[in-house]
Every structure is written in structure tokens, then in C-alpha cells.
Amino acid sequence: MRVSRYFMPVLKEDPAEAEIVSHRLMLRTGMIQQAAAGIYNWLPLGFRVLRKVERICREEMERAGAIEILMPTIQPASWWKESGRYEAYGKEMLRIRDRHDREMLYGPTNEENVVDIFRRHVKSYRQLPLNLFHIQWKFRDEIRPRFGVMRGREFLMKDAYSFDYDYEGARRSYETMFVAYLRTFRRMGLVAIPMLAESGPIGGSMSHEFQILAATGESVVYYDAAFEELDLTGEEVDVARLTSLYAAVEERHDPARCPVPPERLKKARGIEVGHIFYFGTKYSAPMGATVMGPDGREVPVEMGSYGIGVSRLVGAIIEAHHDEKGIVWPESVAPFRVALIGLRLDDADCRRMAEELYERMCAAGLEVLYDDTDERPGAKFATMELIGIPWQVVVGPRGARQGTVELRRRRTGESAELSPESVLARLTA
RNA sequence: CGGGGCGUAGCGCAGUCUGGUAGCGCAUCUGCUUUGGGUGCAGAGGGUCGGCGGUUCGAAUCCGCCCGCCCCGACCA
């Protein structure tokens, strides 16, 4: 992509309304633009990151055996009356009437919806286990939306729903998601700490929330240092050990009863980005989602639900990965992998070298953002550092004479003078 | 919802207390200049001062009502 043809409304000054670093950087880099309180437009740069985060969620869900569907944003109120949540949910739910005066709502979550799908098609324990997920926009009319996309009213969520015949099966499904979540966040360059949590309005009896570590996080968390070096690579992961490791938010942490020896107990700040629940038959029973067991008896299905705040993650990743110059994207979610910075493009040699390298990068399938404008060098460097692309390749008169370009890492600042060939080789390796 | 703050050009702000018909920086456009860390000079365009109503000869400024946004608190992916 050429900067001269791209839409990337970068701001030189901090917008007045943004307090926390991720919100400020998302506005300054032109990733998002506010539409109303807690509701945002995703501009090209932000949308690219959002899609990458979404893709990692999708891949890890599929790896864990979940199957993707897409449920609507608008739901009939009748489902929620069946489950009993229509009255219980309160003002956070956006209620709508259509032209026939039918009661509808903009979905804050999809338990009822997925149960309706399930109950119409699944009748036997032989069809289980089943895990259906989707990645869809939610609306919760928060009392106080804030911090940009970190607590929006409209937000993108990955939500999965597991169905099992019995408790043992439901527990296995829960544990599978537990591991999938750790893998998901790790792939985004985050350290996630799962902790036992209150179940809240989703209901149920077992629940973990996943907090990712960031110095600017909202809550204080205590955790076993073992979380920082978990081995999640193999297919067989010791789930029992993972779920037994200690972690707690400050409010629930009791130093006197903490099982972790002081030298292994860590204290940090965290941001909640995911939450998993086991809730048994809370929805299946009232909504009549039952299956026939091997004994010929019909029983309500055992369920769990598993949410990840996809749009919130974009903000959370920035909270965890930035410096005084701007964002420092982990490679897995960076909007572009390489920033090609052309200096002195009015000079024929520089121009030819930059254009040639750009063509070759594109041909090699690299995601490259090529600054082909005639801005001053300082402005180009500052912008690329602000938007945080992991690799910078600088083509300028200094190297052009001996046929080299500069390769730089955004994260460390380390740089090397290399031939265009070896830069290509390094980036495509 | 309680508490605090803000709304003036695309962005950041001054002007409001003490009423006299709107200004600065950045950005934008034109020309020249400069080119490895947000160049310099000259010129130009751009504003129903959030909205409605009131007071006044006269309102960005005073009064009333409304709308929107941000921050703190209780709640959430």
C-alpha cells in the first residue's frame, strides 16, 4: 500500500477527549473515529488490526473444535422472555420495536439465540459434544462507556457456546476453551492470567476471567509466576495443573491464605479481555433444549459460554505494547508488517531503488506500507513510529550510493545496513 | 444514575469574569525553499462561537431550557 493512496488520517496532536494511552494512540493513528459515546468507526488501519485479532480468535476456536456460525445482531424478545432474562437484563439492553410493533432487541449476547438453533436440530446425545461460535457485534448500553474501544457500547465479540450431555463432558469442553484462550492471547503477544471469577448476569457455577498484563490496566492482579512460562505448544496440555495455578484480583486476594510462595507470587495490573462460564442447564431447561440419552431419558443439555472482547483486545494490545513514540505492534496483529520509507524520492536513484523494492516486497506477499510521499524524513519516521509497524526499511541517498538500505526494528531500534536482497530474504524467511 | 469538567475553523487552544460584531498554532491550497528525525518564507481559503429562547441599541460573552462529549464512582468482553 502506498501512503499517497491510503486513507490514514494521522493526528499531530493528542485529541482532547482521550485520556488513556490506547485511546489516544488509536485516535492519533487514525485507527478509529468516534460516532457517538462508546460507538466507533473503524478506519483502514484500525480495521486491519481488528481483522487480524479476529482471525487469531477464529483459528484457535477452530483448532479447539468449535464451529463457526453467524447469528444476527437483532433478536426477537420472545427468546429472552422464555429464558427469563428479558426483565432481568435491565437498561443495558437496547430494546427496539419494529414497524409491526413487535418487541426486538439488539443482542448483548447470544445464549438464547444459540439455544434456539440447538433445540430445533439436536435431539440425541450422539450429536454431542457441540461447540458453536460466532464473531459478531454486540450492543450493551453501558452506564458509562469510556476509554475508546476498551469499553464501547457497540463492540465486536467472539462468543462460543458448548453443548454436552453431562457434567463431565461440559467440564471437558470448559477446559478445552480454557486452553484455547491461553493460546489465543499468547499469539497476540499477551500474557493472559485466568482467574476464578464471579459469574455475574450470565449465571452459572464455574467461571474464569482472563486478564492480560499491562502497566495501565484497570485492576490489580496477583498470580503465580508460572503463568509467564506456560508451555502451550503441544497437543497435550496439563489442564488440571493450569486450572489449579493461583491467580486473583486484588479484592479477592488474601495474603494470609495465598498458596503461592512469596518468591513466585507476582503482582501486576490487568485488563479483562475474556470470560468463560459453565452454567449447566440455566438456559437449556427453561427453553426446552433437551437431548435423548443412551438410557432413553430426555435431559436438558449442559452448556457453557465463552467470550472474548475482540475490539477491546485491540485497545488492550496497545496498552501492553507501546512506548513514548507510539504503538509497538506484535507482528501477529500489526496492520502492516513492513514500513518502507523512501527518502529523497526526487532523486532518480533513490526513487528507482524504493520503487523496485516495493514491487518485490509486494510480489513476495509482504504486507508493506510504502511511504512514497515527499514529506520530510523526520515526519516520515515519526509517523511510522507512531503507527508502530514492526519493521522499517529506509531507502535514502546515504545507502543508495553503495546499494544498501537500512533495516530497523520498531521494538528495539536496532538497525543494519543491508542489500535489498538480504532485506527481502530476512523478511520473507 | 450521583459528582466534576468541556462544547469557538479539520485538530489543539485563547477570547467569556468586565457585552461593542472573532483570534493564535498546526493542518489545507498556491509559489519559492529545504530533504536521514515533525524545514523556512510569502500569499490564500475556511467559523450559524453546540441548539433554541430571553435580556440589551448591540451577545461567543449575561439569563433560562435543551442537546452532545469527557473524567471520577457503582457494573461489564
Side-chain angles (χ1 to χ4, degrees), chain A residues 9-20 23-24 27-28 30 33-39 53 57 89-93 107-110 135-160 181 184-185 192 197-202 207-212 218-219 251 271-277 305-316 325-326 341-347 350-351 371 373-386 392 394-401 405-406 408 413 415 417:
Chain A
V10 170
L11 304 177
K12 232 172 161 176
E13 284 167 292
D14 284 331
E17 76 262 25
E19 204 73 11
I20 67 162
H23 188 196
R24 211 163 57 219
L27 289 168
R28 277 204 58 193
Q33 184 177 77
Q34 187 177 51
I39 304 179
V53 171
C57 290
Y89 216 93
K91 297 184 90 167
E92 264 196 27
M93 188 156 71
T109 176
N110 289 68
I135 298 171
Q136 176 66 296
W137 293 93
K138 305 288 184 287
F139 192 92
R140 294 183 191 172
D141 203 351
E142 294 280 345
I143 297 169
R144 183 153 92 84
R146 63 184 130 166
F147 304 147
V149 301
M150 296 280 281
R151 181 167 314 163
R153 291 193 293 170
E154 186 187 61
F155 59 97
L156 188 60
M157 184 180 188
K158 185 289 301 172
D159 38 326
Y181 271 39
T184 300
F185 300 128
E198 312 277 2
S199 336
I202 308 278
S207 141
H208 283 85
E209 62 180 42
F210 289 73
Q211 302 243 4
I212 62 102
E218 274 192 274
S219 44
E251 298 73 38
I271 301 168
E272 187 183 353
V273 292
H275 207 149
I276 64 178
F277 304 87
S305 74
Y306 315 90
I308 290 179
V310 177
S311 46
R312 171 181 285 188
L313 266 171
V314 177
K325 290 175 176 171
I341 302 173
L343 303 180
R344 288 306 302 263
L345 295 174
D346 55 333
D347 175 277
C350 290
R351 177 116 223 155
D371 192 337
T373 66
D374 57 2
E375 281 292 321
R376 305 265 314 175
K380 293 188 176 189
F381 293 140
T383 298
M384 287 305 188
E385 261 140 24
L386 179 68
Q392 296 172 359
V394 184
V395 177
R398 213 162 70 186
R401 269 171 270 134
V405 300
E406 185 185 355
R408 273 205 300 232
S415 83
E417 291 285 336

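Here is how names work: the chains are called A, B, and so on, in the same order as the sequence lines, proteins then strands, and each is numbered from 1. Just so you know, these numbers use all the heavy atoms, side chains as well, and skip hydrogens, waters and symmetry mates.
If you measure from atom CG of A:Asp14 to atom P of B:rG38, you get 18 Å, rounded to the nearest angstrom. Atom pair A:Leu27:CG and B:rG10:P shows a separation of 17 Å (rounding to whole Å applied). Atom pair A:Asp141:CG and B:rA77:C1' shows a separation of 16 Å (rounding to whole Å applied). The separation between A:Phe139 atom CZ and B:rC76 atom P is 18 Å, rounded to whole Å. Taking atom NZ of A:Lys138 as the reference point, atom C1' of B:rA77 lies 10 Å away to the nearest angstrom. Per the geometry, OH belonging to A:Tyr89 stands 10 Å off C1' belonging to B:rA77, to the nearest Å. Counting to the nearest Å, the P atom of B:rC75 and the NE2 atom of A:His275 are 14 Å from each other. Note: CD (A:Glu251) to P (B:rG73) measures 12 Å, nearest angstrom.
When both distances must be under 3.5 Å, the Watson-Crick or G-U wobble mate of B:rC62 is B:rG54. With a cut-off of 3.5 Å on both Watson-Crick or G-U wobble distances, the partner of B:rG7 is given as B:rC67. Figure legend. B:rU39 is base-paired to no nucleotide; pairs are counted as Watson-Crick or G-U wobble with both atom distances under 3.5 Å. Remark: B:rG73 base-pairs with B:rC1. Criterion, Watson-Crick or G-U wobble with two distances under 3.5 Å.
Going from the P atom of B:rG19 to that of B:rG40 covers 40 Å, rounded to whole Å. Only the C1' atoms considered, B:rA60 is 7 Å distant from B:rU16, to the nearest whole Å. Comparing the same atom, C1', in B:rC67 and in B:rG31 gives a spacing of 45 Å after rounding to whole Å. Using atom C1' as the reference point in both B:rA27 and B:rA44, the two lie 14 Å apart (nearest Å). Between the P atoms of B:rC52 and B:rC13, the separation comes to 25 Å (whole Å). Comparing B:rU28 with B:rC62, their C1' atoms sit 37 Å apart, to the nearest whole Å. The P atoms of B:rU35 and B:rC49 are separated by 45 Å, rounded to the nearest whole Å. For the C1' atoms, the distance from B:rC26 to B:rG45 is 16 Å, rounded to whole Å.
A:Gln34 has no side-chain polar atom (N or O) that falls below the 4.0 Å cut-off from OP1 or OP2 of B:rG68. Contact between the side-chain N/O atoms of A:Arg146 and the OP1/OP2 oxygens of B:rG73 is found at a separation under 4.0 Å. OP1 or OP2 of B:rC72 sits under 4.0 Å from a side-chain N or O of A:Arg144.
Contacts of A:Lys380 classified as side chain to side chain donor-acceptor pair (under 3.5 Å), with partners at least two apart in sequence or in another chain: none. By the side chain to side chain donor-acceptor pair (under 3.5 Å) test, A:Arg351 pairs with A:Glu355, sequence neighbours left out.
A:Tyr306 contributes no side-chain N or O that, together with a main-chain N or O of A:Tyr181, makes up a donor-acceptor pair within less than 3.5 Å. Under the 3.5 Å distance criterion, the side-chain polar atoms of A:Arg312 are matched with a main-chain donor or acceptor of A:Glu272. Looking at A:Arg146, its side chain never comes within 3.5 Å of a backbone N or O of A:Arg151 through a donor-acceptor pair.
Comparing A:His23 and A:Arg28, the nucleotide of RNA chain B nearest to each residue sits closer to the 5' end for A:Arg28. Mapping A:Ile308 and A:Pro145 onto RNA chain B via the closest heavy atom, the residue that lands nearer the 5' end is A:Pro145.
Here the straight-line distance linking atom CE of A:Met384 with atom CD1 of A:Ile341 works out to 5.5 Å at 0.5 Å rounding. Note that NZ of A:Lys12 is 9.0 Å distant from OG1 of A:Thr383, once rounded to the nearest 0.5 Å. Taken from CD in A:Glu92 to CD in A:Glu142, the straight-line distance is 5.0 Å, to the nearest 0.5 Å. With values rounded to the nearest 0.5 angstrom, A:Glu19 atom CD is found 8.0 Å from A:Arg24 atom CZ. Note that CG of A:Leu11 and CD of A:Gln33 are 9.0 Å apart. Values are rounded to the nearest 0.5 Å.
Relative to the side chain of A:Phe147, the nucleotides B:rC69, B:rC76, B:rC72 differ in distance, and B:rC72 lies closest. Side-chain proximity of A:Thr383 to the nucleotides B:rG38, B:rC69, B:rC75 is greatest for B:rG38.
Heavy atoms of A:Ala382 sit under 4.0 angstrom from at least one base atom. Within the nucleic acid shown, A:Gly30 has no heavy atom closer than 4.0 Å to any nucleic acid atom. Across all strands, A:Tyr306 comes closer than 4.0 Å to no nucleic acid atom at all (heavy-atom distances). Counting any heavy atom pair closer than 4.0 Å across all strands shown, A:Ala36 reaches sugar-phosphate atoms only and no base atom. A:Glu142 comes within 4.0 angstrom of a nucleotide base, judged by non-hydrogen atoms across all strands.
With hydrogens and angles ignored, a donor-acceptor pair closer than 3.5 Å exists between the side chain of A:Arg151 and the base of B:rC76.
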List the protein contact pattern of nucleotides 25-36 of chain B with one symbol per nucleotide (5' to 3'): B for base contact, S for sugar-phosphate-only contact, - for none; contact means a heavy-atom distance under 4.0 Å.
BSS------BBB
